[in-house]
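Comments concern the structure below.
Convention: sequence-line order gives letters A, B, ...; per-chain numbering from 1.
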Amino acid sequence: MPELPEVETTRRGVEPYAAGQTVQKLVVRNASLRWPVPAALPRLLRGQKIEAVERRAKYLLFRTPTGTVIIHLGMSGSLRVLAADDPPAKHDHIDIVLESGRCLRYNDPRRFGCCLWLPDGESHALLEGLGPEPLGPSFDGALLFRKSRRRKGPVKQFIMDGKIVVGVGNIYANEALYLAGIRPDRAAGRISLARYERLAMHIKQVLTSAIEQGGTTLRDFVGGDGKPGYFAQQLYVYGREGEPCKQCGRMLKKSTLGQRTTVYCVACQR
DNA sequence: CGCTGACCCTGACGGC
DNA sequence: TGCCGTCAGGGTCAGC
């Protein structure tokens, strides 16, 4: 489920229950995620106080005095707050059990996610070289324009490249390009500054509104079925191939770019 | 450096 | 009902 809005919604849902809590223990039922959960993690984490729950790109960061737990939800992961004695279900791979008697439970059917340890003061390859946050002040059209010069690849793959800007997943890349009126397969290096300013604005807008809508279903992260308000978002193109464009009525086209489904309107996007 | 495609894994869904 | 192919919101990595 996780695009950036879902990860941020998860962070906000989990933070009140985790921040300030001491970790009683870590239960690892299945360590084989994208990378193995470090065997030493339970020992390293026990007794540590979670000082803050942060997010960088789509990584959730649990800060403790001696290091940081890095969690990525991959394609199918979720993190929920449950009673520690709640019986685990299928694909419930990890529990971070807290002093409060609750736990943060990581579930991930496809196991594309990860749970890693970053010792205090060290850096991690996964977090190095990442582009700016899309909702931060340093992300704008000028940055996209500057970084795209000489690039021949499609603009959709360009804005989904975490070295350029983080957190723009397939759904919102499709949506932002539609709203900006830009064809997804246009060469990144052949788009004007003015159009990139429009695109950056729509990226910020679509992510912001998705996060706001996620906020309305925050309670789902606590004890519920863990399904955030994903499709509460009004989608213009994603998942609508073959249906009429909401602006001009033409049938939306589907193609594949970088092995990801791409949907667009041939009339409204140029 | 930029770009492409393979790959990691399970589950849902449609066609037959 | 079952089997099979296809597809899925993530990202890394090797190779050219």
Side-chain angles (χ1 to χ4, degrees), chain A residues 1-11 29-37 55-60 70-79 89-94 106-116 124-131 134 144 146-178 184-190 203 206-207 210-211 213-214 217 220 225-242 254-263:
Chain A
M1 48 183 94
E3 280 238 16
L4 184 130
E6 289 68 35
V7 178
E8 176 59 21
T9 301
T10 297
R11 190 197 70 76
R29 297 185 196 85
N30 185 350
S32 63
L33 303 183
R34 177 73 167 81
W35 296 282
V37 180
R55 178 187 59 75
R56 173 74 174 107
K58 290 172 188 164
Y59 295 98
L60 290 166
I70 302 175
I71 289 181
H72 196 290
L73 301 176
M75 290 269 259
S76 57
S78 65
L79 196 64
K90 201 173 186 185
H91 306 307
D92 282 344
H93 305 313
I94 302 171
Y106 175 86
N107 177 289
D108 186 3
R110 293 176 74 180
R111 289 186 278 120
F112 285 2
C114 65
C115 177
L116 300 170
H124 200 290
L126 289 175
L127 302 176
E128 294 223 318
L130 289 178
L144 288 179
R146 187 167 15 95
K147 290 195 176 180
S148 64
R149 294 311 87 185
R150 310 191 158 219
R151 292 190 69 139
K152 179 73 186 93
V155 61
K156 176 158 177 274
Q157 283 172 265
F158 174 69
I159 61 172
M160 290 180 73
D161 182 346
K163 293 192 289 298
I164 305 302
V165 56
V166 300
V168 182
N170 197 35
I171 291 179
Y172 299 114
N174 277 303
E175 295 298 310
L177 286 165
Y178 173 80
D185 59 354
R186 175 170 290 275
R190 295 190 56 251
I203 288 172
V206 78
L207 291 175
I211 289 171
Q213 298 198 36
T217 58
D220 290 338
D225 63 2
K227 296 232 167 81
Y230 209 57
F231 293 104
Q233 175 84 11
Q234 191 197 1
L235 299 173
Y236 285 91
V237 286
Y238 182 82
R240 295 194 66 243
E241 62 270 20
K254 170 171 148 172
S255 70
T256 301
L257 248 29
Q259 298 157 202
R260 312 303 288 271
T261 295
T262 303
V263 188

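Proximity of a side-chain donor or acceptor of A/Thr10 to a complementary backbone N or O of A/Leu79 within less than 3.5 Å is not detected.
With no hydrogens or angles considered, no side-chain donor-acceptor pair links A/Asn107 and A/Ser78 at under 3.5 Å.
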Watson-Crick and G-U pairing of DNA chain B, under 3.5 Å, as dot-bracket with | and [ ]: .|||||||.|||||||

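Taking atom CG of A/Leu33 as the reference point, atom P of C/dG11 lies 16 Å away to the nearest angstrom. Here C/dG10 presents its P atom at 13 Å from CG of A/Asp161, a figure rounded to the nearest Å. Straight-line distance from the OH atom of A/Tyr238 to the C1' atom of C/dG10: 12 Å, rounded to whole Å. One interatomic measurement links the two molecules: CG of A/Asn174 to P of C/dG10, which rounds to 10 Å at whole-angstrom precision. For the pair A/Leu60 CG and C/dG11 P, the computed distance is 12 Å after rounding to whole Å. Distance CD (A/Glu128) to C1' (C/dT12): 16 Å, rounded to an integer number of Å. Atom OH in A/Tyr59 sits roughly 12 Å away from atom P in C/dG10 (whole-Å rounding). We find that CE of A/Met75 is positioned 14 Å from P of C/dT12, with the value rounded to whole Å.
Using a 4.0 Å cut-off between charged nitrogen and carboxylate oxygen, A/Arg151 and A/Asp161 count as a salt-bridge pair.
The shortest side-chain heavy-atom distance between A/His91 and A/Asn30 does not fall under the 4.5 Å cut-off. Side-chain contact between A/Arg260 and A/Met160 is present, with at least one heavy-atom pair separated by less than 4.5 Å. At least one side-chain heavy atom of A/His93 sits less than 4.5 Å from a side-chain heavy atom of A/Leu33. Within the 4.5 Å cutoff, the side chain of A/His72 has no heavy atoms near those of the A/Phe112 side chain. With contacts defined as side-chain heavy-atom distances shorter than 4.5 Å, the pair A/Leu127/A/Tyr59 qualifies. Counting heavy atoms from C-beta on, the side chains of A/Leu235 and A/Ile171 come closer than 4.5 Å.
As judged by a 4.0 angstrom heavy-atom cut-off over every strand, A/Leu126 is placed among residues touching the sugar-phosphate backbone only.
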Heavy-atom protein contacts under 4.0 Å, nucleotides 2-10 of chain B, coded B base, S sugar-phosphate only, - none: -SSBBBBBB

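Between the P atoms of B/dC9 and C/dC3, the separation comes to 23 Å (whole Å).
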